[in-house]
Amino acid sequence: LAFILPYRIHMNPHPDGTRYILISFTQKFIRPDLQTDPLDLEEVPLETAPELAPFKYQEFLDFNFSGTELVQIQGLLQAMLRENQDRRFGSLEILRGMLLQLIGIVCRSYEASILRLVQSKAHKASRREALKRVTKYIRDHLADDISLTDAAAAAFLSPNYLTHLLKQETGRTFTDTVTDRRIEKARELLANTNLRIAEVATACGFTDEAYFTRRFRQKESTSPRSYRENIRNALMVGQSYTKVG
């Protein structure tokens with residue numbers, strides 16, 4: 001069984017002969033009383049919503065079943081399919097009950113593993129890893145036209161969730177994050193290479209030298225040319241002191 005949160009991009013293999021049953025439902029369907037933004041479901045304590053456990057820890061666990069548990073799960077799935085095909089008064093309540101029973105079987109079978117992950121705060125580590133993947137993608141593509149959609153896909157997140165995560169964890173927007181990395185790279189190139197200012201701008205993904213100079217000045221309170229001169233003057237002063245010493 002696989003449990004996918006609403007903002008997670010996912011891919012499942014389809015070997016020949018495989019049969020898939022997809023159960024798609026809203027947060028309101030399973031927990032009408034849970035007044036939480038779907039983007040914040042990872043932050044909901046399990047004592048508040050234990051049925052979220054398989055969704056929160058899917059990337060750490062493989063939910064595999066056999067024997068009597070598999071038979072029980074298959075029976076529930078077949079019953080849900082039949083009930084869904086013949087919707088009547090009360091069908092939604094019956095479907096909700098069977099869905100919760102299915103999730104309950106998973107929680108009971110993987111209780112020890114789930115509780116260990118809760119203790120280790122694994123979901124927070126997952127968020128940090130996602131941000132690392134985003135940062136790496138941005139750094140690897142600084143010279144390109146970086147889009148929110150592509151960066152999110154690199155971290156297996158939806159664009160909306162990546163925007164939310166960056167704001168929550170760093171207080172920055174995606175555009176701010178990309179610009180910060182580009183200015184960081186520009187400082188490095190200005191200090192350590194003889195590239196012309198226009199070449200530095202291109203290498204860092206800025207559309208033209210004038211725009212680069214404007215953004216650099218906003219961040220560093222000086223122009224790229226002055227920044228380079230100041231760095232080199234400081235190095236020359238340091239070398240003079242060394243020679244005198």
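In what follows, every heavy atom counts, from backbone to side chain, and hydrogens, waters and symmetry copies are set aside.
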- prompt: Can you tell me how far CG of L131 sits from CG of L162, rounded to the nearest 0.5 angstrom?
  reply: 7.5 Å
query: For the hydrophobic clusters of this structure (ILVMFWY residues joined by side-chain heavy atoms under 4.5 Å, transitively), does one cluster hold both L1 and L22?
result: no
Flag side-chain contact, heavy atom, 4.5 Å: R228 against I197: yes
task: Output the distance between atom CZ (F212) and atom CZ (R182), rounded to the nearest 0.5 Å.
output: 11.5 Å
task: Work out which heavy atom in R215 is nearest to a heavy atom in Q218; give both atom names and the distance.
output: NE-OE1, 2.8 Å
message: Less than 4.5 Å apart, side chain to side chain, heavy atoms only: is that true for C204 and L142?
response: no
- request: To the nearest 0.5 Å, tell me how far R196 CZ sits from R225 CZ.
  value: 10.0 Å
task: Answer with yes or no after comparing the ring centroid distance for Y110 and F65 against a 6.0 Å cut-off, counting only values under it.
output: yes
query: Taking everything shown except K28 itself, do over 12 heavy atoms lie less than 6.0 Å from its NZ?
result: no
message: Just by distance, no angles: are the side chains of T173 and D176 close enough, under 3.5 Å, to form a donor-acceptor pair?
response: yes
query: Quick one: does D180's side chain get under 4.5 Å of E184's, heavy atoms only?
result: no
message: To check you understand the geometry: which heavy-atom pair defines the closest contact between A203 and A143, and what is its length?
response: O-CB, 3.5 Å
field: T36 side chain reached by Q27 side chain, heavy atoms, under 4.5 Å
entry: yes
message: For the CD1 atom of I105 and the CG atom of L100, what is their distance to the nearest 0.5 Å?
response: 11.5 Å
field: Side-chain touch T202/D208, heavy atoms, less than 4.5 angstrom
entry: no
message: Take a 6.0 Å sphere around CZ of R172 and say whether it holds more than 12 heavy atoms from other residues, nucleotides or ligands.
response: yes
Of all pairs that satisfy ring pair (Phe, Tyr, Trp, His ring centres under 6.0 Å), the ones with a partner from residues 173-201, not counting sequence neighbours: none
query: With a 4.5 Å heavy-atom cut-off, do L52 and I103 have their side chains touching?
result: no
field: Greater than 12 external heavy atoms within 6.0 Å of N192's CG
entry: yes
- prompt: Which one of V200, T179, L190 satisfies the side-chain contact (heavy atoms from CB on, under 4.5 Å) criterion with F216?
  reply: L190
- prompt: Going from CG on L117 to CG on L46, what distance comes out if it is rounded to the nearest 0.5 angstrom?
  reply: 10.0 Å
task: Please collect all ring pair (Phe, Tyr, Trp, His ring centres under 6.0 Å) contacts where either partner lies in residues 72-98, sequence neighbours excluded, each pair once.
output: none
query: Taking atom types as modelled and ignoring hydrogens, do the side chains of Y137 and R133 form a donor-acceptor contact shorter than 3.5 angstrom?
result: no
statement: Taking every heavy atom of P54 against every heavy atom of V106, the minimum-distance pair comes out as CG-CG1, 4.0 Å
task: Taking the side chain as every heavy atom from C-beta outward, state whether S91 and N84 have any atom pair closer than 4.5 Å.
output: no
field: Note: E83-R88 ion pair, threshold 4.0 Å (strictly below)
entry: no
task: Over all heavy atoms of both residues, which pair between K56 and V44 is shortest? Give the atoms and the distance, please.
output: NZ-O, 2.8 Å
- line: d(L195 CG, L189 CG) to nearest 0.5 Å is 6.0 Å
- prompt: Within 45° of the ring axis of F29 and under 6.0 Å from its six-membered ring centre, is that where the NZ or CZ of R96 lies?
  reply: yes
message: Looking only at side-chain N and O atoms, does D37 offer a donor or acceptor that is under 3.5 Å from a partner on H164?
response: no
query: Is the closest side-chain heavy-atom distance between F55 and E42 below 4.5 Å?
result: no
message: Distance alone, cut at 3.5 Å: any donor-acceptor contact between the side chains of S147 and D150?
response: yes
